Structure formats: structure tokens, C-alpha cells
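Here is the structure we will look at.
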Amino acid sequence: MNGLFGDISRRDFMKYCATTAAVLGLSEMELVSKVSEALAASSSKAPVVWLEGQDCAGCTISLAGALNPPVSSIILDKLSIRYHETIMASAGYLAEAVYEDTVKAGGHVLCVEGSIPTADDRFCMIGGRPFREMVKESAEKAAVIIAVGACAAYGGIPAAGPTKSVGIGKIVKDKPIINLPTCPVHCDHLVGSILYFLATKSAPPLDKIGRPKLYFDELVHDNCRRRSYFDDGLFLTDWNDPKQKNWCLYEKGCKGPDTYADCPVRRWNDGQNFCIDCGAGCMGCAEPDFYDGMSPLYTAESERSRNIMARKEAGLIPPKEKA
Amino acid sequence: MGKKITIDPVTRIEGHLAITVELENGKVKDAWSSGTMARGFEALLQGRDPRDAPFVTSRFCGVCYSVHQMASIRALDEAFGANVPWGGMLLRNLAMGAEYVYDHILHFYHLSALDYIDIMAVAAYKGRDKSLNALKEKVVGLVKSKDVFPLTPRYKPDEFSVTDPDMVTSAVKHYIDALAIQAKARNMGAIFGGRQPHYQSLVVGGCTQYPDINMVAKYRTMLDEMAQFVNEVYIPDVLAFGTGPLFPLAKMGLGGGHYNYMSYGALELDKDGKDQVFPAGVIKNLDPGNIKVEGFKPDKITESVKHGWYKENKPVHPYNGEQVFDLDKEGAYSFIKAPRYDGEPMEVGPLARMLIAGNPDLLGLIEKGAKPGVVARHAARAIETKLIIDACYKWCDELLSEMTKPGFKIHDTAHYEPPKEGEGVGFYEAPRGSLGHWVKIKDRKIENYQCVVPSTWNASPRCENKYRGQYEESLIGAPVPDPDNPINVVRIIRSFDPCLACAIHLIDPQTNELKDFIVE
């Protein structure tokens with residue numbers, strides 16, 4: 001079989017043959033002449049390489065929650081998902097081959113989910129290679145780079161652990177990166193950033209730490225519906241007490257006064273609910289020092305929380321004007 | 001020695017997994033399963049406020065996040081001495097029910113189905129259904145534009161692949177419909193969980209979401225849509241495939257394994273937990289005609305490190321587990337440890353649960369000639385999705401009646417502060433199997449944290465007595481006529497719904513010592 005195809009490798013053949021022969025009703029011989037054509041042709045859809053490093057796939061699952069537009073239209077109509085370990089049909093060498101081709105050709109949207117270990121490459125190996133190398137090589141010719149979720153943006157929870165993990169900004173230093181922290185990524189933030197890129201061929205305006213201003217320009221605290229209770233010093237202490245159910249969650253560890261994100265106005269899961277509305281407080285997952293800088297999470301016993309209260313008492317977090 | 005092939009990465013799973021198989025005469029002769037990523041979460045928890053543990057361990061896995069929260073919270077409940085009020089348990093169960101529904105549907109349609117259908121058969125659809133014709137046009141359009149990612153490239157369909165255009169086209173349509181359904185199932189969970197992935201409202205002692213009647217009504221309405229999809233689409237699809245074109249795979253018992261099964265039991269249907277959706281139990285060396293279920297005894301769990309990259313040690317109970325790294329150890333090939341029950345490897349997950357529960361629908365399938373393996377695993381998953389939905393209706397009713405009682409409680413406020421010392425275990429059933437978290441608390445902080453997760457049970461390497469892990473054993477004898485197209489291997493592995501990120505324990509290449517990782 002190899003001899004028939006000259007310089008076209010077996011895997012290239014399989015890649016195109018599988019998709020075209022059955023549908024176009026071509027014989028294998030006819031197909032051979034079409035293969036090189038196919039290799040040269042590129043689709044009008046933006047090619048996407050989505051890498052998963054030290055991740056939990058939560059950001060992928062979050063993206064799969066997109067309903068408007070639905071994720072099916074995003075992955076089939078708007079984008080050409082070339083490599084994404086959790087959703088692609090292929091595995092093993094077939095998967096690796098598409099990855100190599102796409103990265104070599106360049107011009108792709110690079111999404112990275114998960115952090116990168118710096119203590120030792122062996123903490124994250126894919127296809128027998130260090131994940132760190134994959135990030136570097138796939139970033140080289142990428143049209144745009146998106147750090148999907150807190151881990152890829154700033155290291156997230158693994159940054160607090162023994163693998164000494166970092167976000168991609170510490171590995172890829174010569175290119176702008178769209179950081180979309182929160183743990184997991186909010187599907188609107190991701191879909192919106194991709195749509196913005198497709199429309200303008202550029203990244204949306206970013207803040208000093210690479211987050212789109214569109215989503216990360218305001219403090220959670222300033223849009224919180226519990227804000228007046230914070231200003232009045234009424235803090236929830238008992239989740240069973242219906243009287244307290246709308247009170248401020250400071251005592252339960254809320255880090256909203258230190259966190260820039262649009263969760264209170266955008267909410268999560270198609271507007272269903274979000275952390276502060278369910279009575280649990282904001283854990284600061286949109287900030288670069290999450291998780292270590294926010295821990296402990298479910299109590300005000302952290303240095304962070306004490307600092308918030310000290311600022312309130314010093315008048316540095318003035319009451320929001322009441323209507 | 002036969003030809004060895006390695007599939008790395010194994011895709012459409014959560015986490016990073018490599019599978020190596022040795023082939024002889026077109027069949028798998030031997031197999032090795034290897035986990036290839038570690039983050040060290042258990043070590044980073046040491047010295048932390050115990051109440052962080054459910055939040056952090058949720059990030060073990062973004063697919064089955066909530067089950068880690070639940071196992072963690074149950075371990076904390078025990079260590080803190082918390083008595084979770086029935087109201088709090090109901091809220092937890094409603095959040096968990098949504099997790100199961102989404103997870104099972106996602107696994108079948110989006111992570112597994114592509115292994116069984118020849119998606120290009122859509123182009124041959126000749127029926128008159130408008131939506132199916134629209135789908136055909138779409139797929140043909142993708143092919144003509146030479147861009148069928150991510151649906152191709154793929155392993156070539158084999159003689160077991162479903163090629164009937166009507167069946168395939170409707171399956172692909174359901175793949176797309178199911179994308180919306182699984183998203184909606186998670187939105188349903190967010191009503192009581194706060195948001196997802198990674199619920200925020202589950203805490204030691206109960207739940208933080210004070211419910212009102214509108215939330216319950218909304219949940220029920222969304223549940224109706226789930227029930228309709230499961231009853232009218234998911235279960236019929238699994239039956240149509242499993243008893244139709246895939247029945248040869250079922251009859252040959254592809255992916256069988258050791259025929260040992262275990263369930264810790266989970267999802268209380270009453271206050272005392274006497275009645276559970278999933279009963280606990282153990283089956284050794286299954287005889288389908290005469291199923292004997294013995295009681296589950298936690299003390300019988302041990303973990304072997306014989307073939308893991310850890311310093312040689314005899315198998316110990318997870319409470320006493322230590323992890324001293326040895327990357328150069330001869331015979332080691334995985335970051336995953338090898339848990340055993342009574343010294344034997346166990347399969348955990350839907351098939352185990354439905355066998356242990358003696359579910360009549362599953363037993364009916366076995367009576368018809370299906371052997372426990374890939375097809376039975378998919379069937380068991382669909383069957384239990386319906387059981388969960390039925391339970392969710394019950395929990396809604398219970399919650400409504402509980403909410404209207406005076407003194408309704410969702411949380412044990414008296415036991416929210418960490419104890420000076422304590423220990424606890426949290427057993428739970430995750431969608432993909434039995435999950436346990438063990439916590440030791442000292443000076444109000446976490447002293448030690450250990451997990452034995454479903455994919456550790458299923459994906460484990462060999463142990464002292466040479467028993468292969470369940471993945472490995474289930475691969476033995478699988479037909480792989482073309483080494484470049486090991487489609488049966490990925491069918492088998494994916495039928496377990498692997499979730500590898502959480503199955504990896506911690507190592508340290510510098511010092512070889514786990515205890516050096518205590519966060520200062």
C-alpha cells in the first residue's frame with residue numbers, strides 16, 4: 001500500500017481517504033489523485049488545537065455547556081477542531097499526526113487547558129513527550145493563544161502543589177495570550193473571545209494581566225446583590241436561617257471584594273445560578289493568586305479575608321450609594 | 001513475543017492514559033495500562049483547612065467533579081462529627097442526580113458512540129425525515145469542504161461497526177441532541193449546586209443553597225425533559241444497538257475481565273440510608289446463572305505498589321498508605337497504584353452496580369446471551385440513568401414536604417468548625433465506580449489525605465500475585481486483526497468511562513519523599 005502513494009504517508013492517506021471515499025463515491029484509485037489536492041486545500045473554518053496539560057477537563061465540560069450558540073454549532077460550523085483529546089474521534093498516532101500537520105501549517109487558534117509542571121517534565125507527558133514542549137511548539141505559529149481556565153492562565157490549584165506548575169504565560173513569553181481564568185472557564189468568556197477573534201482577527205482588549213476587559217473589568221463585589229448587607233455589616237452565619245439567606249457571605253469566606261469578574265451579572269449555566277447566589281461565596285478563581293492566595297476558602301480565617309475586613313473598617317471599601 | 005503496540009494518547013476520556021498491548025495471531029495476548037500525568041493534589045492538601053478539601057478534590061476531575069466533593073464531604077462529615085439534616089442530604093442528592101444524568105449521557109453519545117458507528121454512512125441516508133436530511137447535508141458539506149474534524153480521522157470501522165444508514169444517521173442526530181441535553185442536565189444541577197462544573201454549595205454538614213418552592217418546580221420541569229430523553233432516546237438507542245448490530249460483540253463478551261465486581265453503595269432513598277439507589281456489595285468470579293453477592297467490608301481494601309513508580313512496600317490499607325517514589329524501579333510502569341479487595345482486583349462502575357443490585361433489565365439482557373463486557377457496560381449505564389431519574393422525582397417530593405415543616409434544616413451549623421483531631425472516610429459511588437476519600441485531621445488542619453478512585457480500581461497495573469488490573473485483563477483475547485487499527489482496544493477501554501486525572505497519585509523526583517511536599 002505504501003508504494004502506491006509516493007511521498008504521501010500512510011497516515012495522510014488514511015486521514016483523507018476515510019472522509020472522502022465513502023461519501024464522494026470514488027474508487028481508491030481515483031482517490032489517490034485527489035489526495036494531494038486535499039492536502040493542499042484548507043477549510044474556511046478556523047483550525048483549532050486544544051491542548052490539555054495538568055487539567056481536569058472541567059473547562060472542556062464547561063464549553064460543552066454552551067447553549068446559545070449551542071456547542072454543536074461551535075465545534076462543527078464555526079471551528080475546525082483538529083486536536084482535542086476529549087472530543088476527537090481519533091487516538092494514538094492518528095491523533096498525533098493531525099496535531100503535527102496543523103501546528104506545522106500554523107494560523108490556528110491555540111487553546112490550552114491545564115497548567116504546566118516546572119518541577120519535572122515527567123509530571124505531564126503526552127504521546128511520550130513533555131507537555132511543556134507541545135505548548136511551546138504549538139504556540140510558535142498560532143494566530144491566537146487562549147489560556148482556558150485558571151490553571152492555564154496562572155497555574156490555578158496545581159500551582160500550589162509540589163509539581164510547581166505555571167500558566168502558559170510563563171512558558172510562551174514572546175506572544176500575547178488571552179487569559180480566561182475562573183475555575184472552570186465560563187463558556188461565555190471562551191465562546192465570546194473566539195467569536196471576537198473570528199470577527200476581527202485580533203484579540204479583544206485585555207487588562208494588564210491578559211484578561212479581556214469585557215469580562216473582567218469590574219469587581220464581583222461592586223455588582224453583588226448582597227452588597228448592601230456587607231455595607232451594613234450583616235453577615236450570614238447560619239445557612240438554615242431564612243432571615244439571613246440574602247446576607248453577605250464574608251464570614252463564609254467570600255473573596256468578592258478582591259476579585260474581578262462579571263459572574264454577578266452574567267451568572268453561570270445559562271443564568272441558572274452562581275457561587276454567591278447559592279450561598280457559598282466567591283472563591284476568587286479569576287485572580288492570579290488563586291488558589292493559594294485565597295485559601296482557606298470557606299471561612300474568613302484567611303489573611304485575605306482579614307485584609308478585606310481591615311479595609312472595610314478603614315473606610316477603604318466605601319458603601320455603594322443606595323438609591 | 002508478539003507485536004507490541006501502544007496507544008498514547010487514549011482520547012475521549014478524562015485524563016492522560018497510555019495503553020500497550022501485545023498481539024499474537026490477531027488477538028491481544030497481554031496488556032499494560034499506564035497513567036501519565038500527576039498533579040500532587042493529595043500532598044497540596046496537607047496542612048490546609050479541611051474545608052478546602054471538597055473544593056480542591058472536585059478538581060481531580062472536571063467530568064465527575066461532584067462525586068469527589070461528595071466523597072470528601074462525607075469523610076469530613078465523619079471527622080467533624082456532623083449530622084447532616086435530611087434536607088441537606090436531599091439537596092446533595094438532587095445535585096448528584098443531575099451529575100449522573102449528564103455524565104452517563106455524555107459518556108455514551110460523545111465519548112463512546114463514535115467507536116461503534118461508521119459515521120460516513122450518514123451520506124447514504126435515503127429516508128424522508130427532514131431533520132435527518134438536514135444532518136446528512138451538513139455531514140456531506142463537511143466532507144466536501146474536506147474538513148470533518150473532529151469526527152475524523154478515526155480508526156477504520158470494522159466488521160462490528162454499525163453501517164445501516166438509518167441507524168447511523170439517527171445516532172448522529174442523537175449525538176447532537178444529546179449535547180444540549182447534557183448541558184441542560186448540568187443546568188438542572190446548578191439549581192442546588194450553585195454552578196457547574198465544580199459545584200460550590202456542597203459543604204461539610206450539608207448544603208449552602210436554601211431552597212424555595214420555585215427551585216424545586218424548575219428542577220422538576222427540567223427533570224421531565226431528561227426523563228423524556230432517557231426513556232425515548234437513550235435507552236432505545238442502547239437497546240437497538242446492543243441487541244441488534246452489536247449483539248455479536250455482546251455474545252462474545254468483548255472486554256469481560258476478571259468477573260469480580262464491587263459497589264460501596266450510594267444515594268440514600270431514606271433518612272437512615274437503609275434503602276439506596278445503589279446497594280453495596282461484592283461479587284467474586286461471577287456466575288451469571290447464580291449470582292452471589294457478599295457484604296462489602298472496608299477493611300479488606302489494600303493498595304499494592306508492586307508495579308507503580310513507588311518504593312517497594314507490602315500492600316496496606318489506604319489509611320496507612322505512604323508514597324515513596326522510585327522512578328527507576330524495575331517492573332514499574334504506572335503512576336497508578338493497584339487497589340485490591342481481599343487481595344483481588346475488582347471492576348467498579350455501572351455494570352458492577354447493576355449486577356450487585358440484581359437489576360432485572362440487565363439480567364434479562366444476560367439471559368438473552370449477552371456476556372458481561374463492553375455492551376453490558378453501556379446497557380448498565382443506561383439502565384441506571386433511569387433509576388437515578390426516578391429517584392430524583394422522589395427526592396423532589398421529599399424536599400417539598402420537608403421544606404414546609406417547621407425548623408427545616410439544610411446544614412449542621414454546630415459542626416462546621418474543624419475538630420482538633422479526627423479522621424473520617426467518605427465512600428461514594430461515582431458514575432464510573434466506587435470512590436473513597438480518607439482524611440486525617442491534626443491541629444484543625446489536614447494531616448493526611450488519601451483517595452482510591454474508580455479508575456484506580458479499573459486502570460490499575462498488576463499487583464503482587466500477578467493479577468492484572470481490570471482494564472488489562474479485559475483486553476485479553478480481544479480481536480485486533482490490524483495492528484494499525486486497534487479499534488477493539490479503545491472500545492474496551494472507553495466502555496469503563498476512564499477518568500485518569502484522579503487516578504494518579506503523587507511522586508517527587510527530587511527527594512522521593514511524599515512528606516516533603518507539606519505546604520509551608
Side-chain angles (χ1 to χ4, degrees), chain A residues 14-15 18-20 22-23 38 41 43 45 54 56-58 61-62 64-65 67 70-72 80-82 84-92 94-95 98 120 123-128 157-158 160-163 184 238-240 245 268-270 272-275 278-280 295-298, chain B residues 7-12 14 16 36-41 43-44 48-49 51-52 55-56 59 61-63 65 114 120 123 140 143 145-154 176 179-180 183 186-187 190-191 194-198 200-201 203 208-210 409-411 413 490 501 508-509 517:
Chain A
M14 285 183 68
K15 191 162 59 179
T19 63
T20 51
V23 174
S43 138
K45 294 189 289 183
Q54 289 179 299
C56 70
I61 296 297
S62 193
L67 285 168
V71 65
S72 54
S80 174
I81 311 274
R82 302 288 173 88
H84 187 311
E85 283 186 45
T86 309
I87 65 171
M88 65 192 180
S90 54
L94 284 174
V98 180
D120 192 307
F123 282 123
C124 190
M125 304 285 283
I126 293 160
I157 293 180
T163 61
D238 183 355
W239 279 299
N240 295 307
K245 84 179 160 76
W268 280 68
N269 305 118
D270 217 22
Q272 204 60 250
N273 206 342
F274 85 108
C275 307
C278 82
S295 169
L297 304 173
Y298 282 83
Chain B
I7 303 173
D8 181 6
V10 176
T11 53
R12 276 184 284 129
E14 197 292 310
H16 301 291
T36 58
M37 187 272 273
R39 288 174 295 180
F41 276 14
L44 87 80
R48 300 269 175 189
D49 186 304
R51 289 165 293 186
D52 276 11
F55 185 96
V56 170
R59 274 73 181 171
C61 173
V63 180
Y65 44 93
L114 295 173
M120 293 307 148
V140 172
V143 172
S145 72
K146 303 185 181 72
D147 189 343
V148 200
F149 302 105
L151 301 174
T152 65
R154 55 184 178 156
I176 290 171
L179 275 171
R186 287 185 284 128
N187 292 351
I191 294 173
R195 61 116 192 230
Q196 63 62 42
H198 304 308
Q200 194 89 342
S201 70
V203 291
T208 69
Q209 175 68 68
Y210 197 86
K409 290 185 97 175
I410 60 171
H411 187 252
T413 311
V490 292
D508 178 21
F517 293 149

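Residue numbers begin at 1 in each chain, while the letters A, B, ... track the order of the sequences. Nothing here was measured: the structure is a model prediction, and the numbers come from that model.
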Next item on the list: Compare every heavy atom of A:Trp268 with every heavy atom of B:Gln196, then report the nearest pair and how far apart it is.
Entry: O-CE3, 4.2 Å
Item checked: Closest non-hydrogen atom pair between A:Asn273 and B:Ala190, with its separation -> ND2-O, 2.9 Å
Margin query: Quick check on B:Val203 against chain A: is it the side chain, the backbone, both or neither that has a heavy atom closer than 4.5 Å?
Written below: side chain
Notebook entry, point to check: So which heavy atom on A:Pro296 is nearest to which on B:Asp49, and how close?
Noted result: CB-CB, 3.5 Å
Check: So, the side chain of A:Asn240 versus the backbone of B:Lys409: is there a donor-acceptor pair under 3.5 Å, distance only?
Finding: no
Next item on the list: Compare all side-chain heavy atoms of A:Gln272 with those of B:Ile191 and state whether any distance is below 4.5 angstrom.
Entry: yes
Check: Does any heavy atom of chain B fall under 4.5 Å from the side chain of A:Ile61, the backbone, both, or neither of them?
Finding: both
Item checked: CH2-CD distance between A:Trp239 and B:Gln209, expressed to the nearest 0.5 angstrom -> 12.0 Å
Next item on the list: Compare all side-chain heavy atoms of B:Arg195 with those of A:Pro184 and state whether any distance is below 4.5 angstrom.
Entry: yes
Next item on the list: Might you point out which heavy atoms bring A:Gly58 and B:Pro197 nearest each other, and give the distance in Å?
Entry: O-CG, 3.3 Å
Note to self: For a 4.5 angstrom cut-off between non-hydrogen side-chain atoms, does B:Phe55 reach A:Ile157?
What the structure shows: yes
Next item on the list: Can you see which heavy atom on A:Ala64 is nearest to which on B:Ala183, and at what distance?
Entry: O-CB, 3.7 Å
Notebook entry, point to check: Taking atom OG of A:Ser72 and atom CG of B:Leu179, what is their separation to the nearest 0.5 Å?
Noted result: 5.5 Å
Item checked: Where B:Arg186 and A:Gly65 come nearest, the two heavy atoms and their spacing -> NH2-N, 3.4 Å
Notebook entry, point to check: Which one, A:Leu67, A:Asn269, A:Asp270, leads in non-hydrogen pairs under 4.5 Å with chain B?
Noted result: A:Asn269
